[in-house]
Chemist: 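One structure is given below, represented as structure tokens, and several questions about it will come after.
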Amino acid sequence: MPGLFITFEGGEASGKSTQVKRLERRLERCGRQVLTVREPGFTEVGSAIRRLLLYAKEGSSMRNETELLLFAAGRAQLVGEVLRPALERGLVVISDRFYDSTTVYQGIGRGLDLTFIKLLNEFVVGTCIPDRTLLLDLDVEASRMRRIRRVRPVGGEDRMERLSQDFFERVRRGYLDIARTEPGRVKVIDASKTEDEVEEAIWKEVDGLLV
Ligand code: TMP
């Protein structure tokens, strides 16, 4: 596809949203047309799924298998409705999370079957594979401290944020394993640095992709 597809991954409070905005602005200053999305969400269907997954009271009885399929369903909608058409039109697309989140949160974190998740991810995204994935890596304790300091909207933590430190340790290790397995696509960025330093490290990984 003629466009460029960049995804951001990382644990909670790793600074993804801030860096997504900074990269978007920087690309626009270079004259690129950019579309930024987040997962789960963005489409109408995806936003309804996000509410159910993260905030609805019905979510408290959700089974892990259901959670996996809902994340996949939101992504299928996003790929078909938004991502593929945008990449075909030659846009730069930035997604705050994509299928690596499912591999690590539902596969490694929840312990669901990784072979099935790989097939499901392939079924959902088809050829819509990121050109570059920026993994914002942050120590789990540092992430916890950032979350404590965060100014929160009314409602507090979402359903996933309430998971244990052990879960987030598995998530972090899972991400680093993916980066080791796919070093060409996935670049590890030290998210403990200042926002400016993280932005520069990200730019180094993206700049070379722009033609
Ligand atoms: P966030 O986008 O605000 O970080 O919230 C999304 C939450 O959902 C986050 O805890 C990661 C989790 N998640 C999964 O567990 N699986 C997925 O496939 C995706 C996209 C997100």
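Along the sequence shown, residues carry numbers from 1. Remember, it's 1-based here, ligands and their atoms both numbered in the order they're listed.
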Chemist: Atoms of ligand 1 less than 4.0 Å from Glu12 heavy atoms?
Modeler: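 Those qualifying, in numeric order: 9 (C), 10 (O).
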
Chemist: To the nearest 0.5 Å, how far apart are CG in Leu209 and CZ in Phe5?
Modeler: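 Spacing of CG (Leu209) from CZ (Phe5) equals 13.0 Å.
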
Chemist: In the protein, which heavy atom is nearest to atom 16 (N) of ligand 1, and how far is it?
Modeler: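 Result for atom 16 (N) of ligand 1: Gln106 OE1, 2.8 Å.
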
Chemist: Quick one: look at Arg75 and ligand 1, take heavy-atom pairs under 4.0 Å, and tell me if it's side chain, backbone, both or neither.
Modeler: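 Looking at Arg75 and ligand 1, just side chain atoms fall under 4.0 Å.
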
Chemist: Should you measure from each heavy atom of Thr102, which atoms of ligand 1 turn up under 4.0 Å away?
Modeler: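 Those qualifying, in numeric order: 17 (C), 18 (O).
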
Chemist: Report the C-alpha distance between Arg150 and Glu12 in whole Å, list the side-chain angles of each, state the deciding distance to 0.1 Å, and finish with yes or no for salt bridge (Lys or Arg N to Asp or Glu O under 4.0 Å).
Modeler: CA-CA 11 Å; Arg150 223 181 217 177; Glu12 319 304 296; over 6 Å; no

Chemist: Determine, stepwise, if the pair Thr36 / Glu24 fulfils side chain to side chain donor-acceptor pair (under 3.5 Å).
Modeler: CA-CA 7 Å; Thr36 299; Glu24 179 183 31; 3.2 Å; yes

Chemist: Hey, are Thr133 and Thr7 close enough side-chain-wise for a donor-acceptor pair under 3.5 Å?
Modeler: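 Yes.
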
Chemist: Taking 4.0 angstrom as the limit and counting only heavy atoms of Lys16, give me the atoms of ligand 1 inside it, by number and element.
Modeler: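 Once the distances to Lys16 are compared, the set is 4 (O).
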
Chemist: Let me see the working for Phe71 and Tyr105 under ring-ring contact (aromatic ring centres under 6.0 Å, His included), right down to the final yes or no.
Modeler: CA-CA 10 Å; Phe71 277 117; Tyr105 281 78; 7.8 Å; no

Chemist: Give the numbers and elements of all ligand 1 atoms closer than 4.0 Å to a heavy atom of Arg50.
Modeler: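 Near Arg50, meaning under 4.0 Å from one of its heavy atoms, ligand 1 has 1 (P), 2 (O), 3 (O), 5 (O).
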
Chemist: Cation-pi check, Arg147 to Phe168: give yes when NZ or CZ is under 6.0 Å from the six-membered ring centre and within 45° of the ring axis, no otherwise.
Modeler: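 Yes, Arg147 and Phe168 form such a contact.
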
Chemist: Counting heavy atoms only, name the option from Tyr105, Phe71, Phe98 that's nearest to atom 17 (C) of ligand 1.
Modeler: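 Selected option, by shortest heavy-atom distance: Phe71.
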
Chemist: Which atoms of ligand 1 sit under 4.0 Å from any heavy atom of Met160?
Modeler: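 Result: 8 (O), 10 (O), 15 (O).
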
Chemist: Decide whether the shortest distance between a heavy atom of Arg38 and an atom of ligand 1 is less than 4.0 Å.
Modeler: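 Contact absent.
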
Chemist: Nearest heavy atom to atom 1 (P) of ligand 1 wins, so pick from Glu67, Glu9, Arg97, Glu157.
Modeler: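 Nearest heavy atom to atom 1 (P) of ligand 1 lies in Arg97.
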
Chemist: Give the residue and atom name of whichever protein heavy atom lies nearest to atom 7 (C) of ligand 1, and the separation in Å to one decimal.
Modeler: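 Here the nearest protein heavy atom works out to Leu54 CD2, 4.0 Å.
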
Chemist: Does Gln33 have more than 12 heavy atoms from other residues, nucleotides or ligands lying within 6.0 Å of its CD?
Modeler: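 No, CD of Gln33 has 12 or fewer neighbouring heavy atoms, counting only those of other groups under 6.0 Å.
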
Chemist: So with a 6.0 Å cut-off around CZ of Arg38, is the heavy-atom count from everything else above 12?
Modeler: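 No, because the 6.0 Å sphere around CZ of Arg38 holds 12 heavy atoms or fewer from other groups.
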
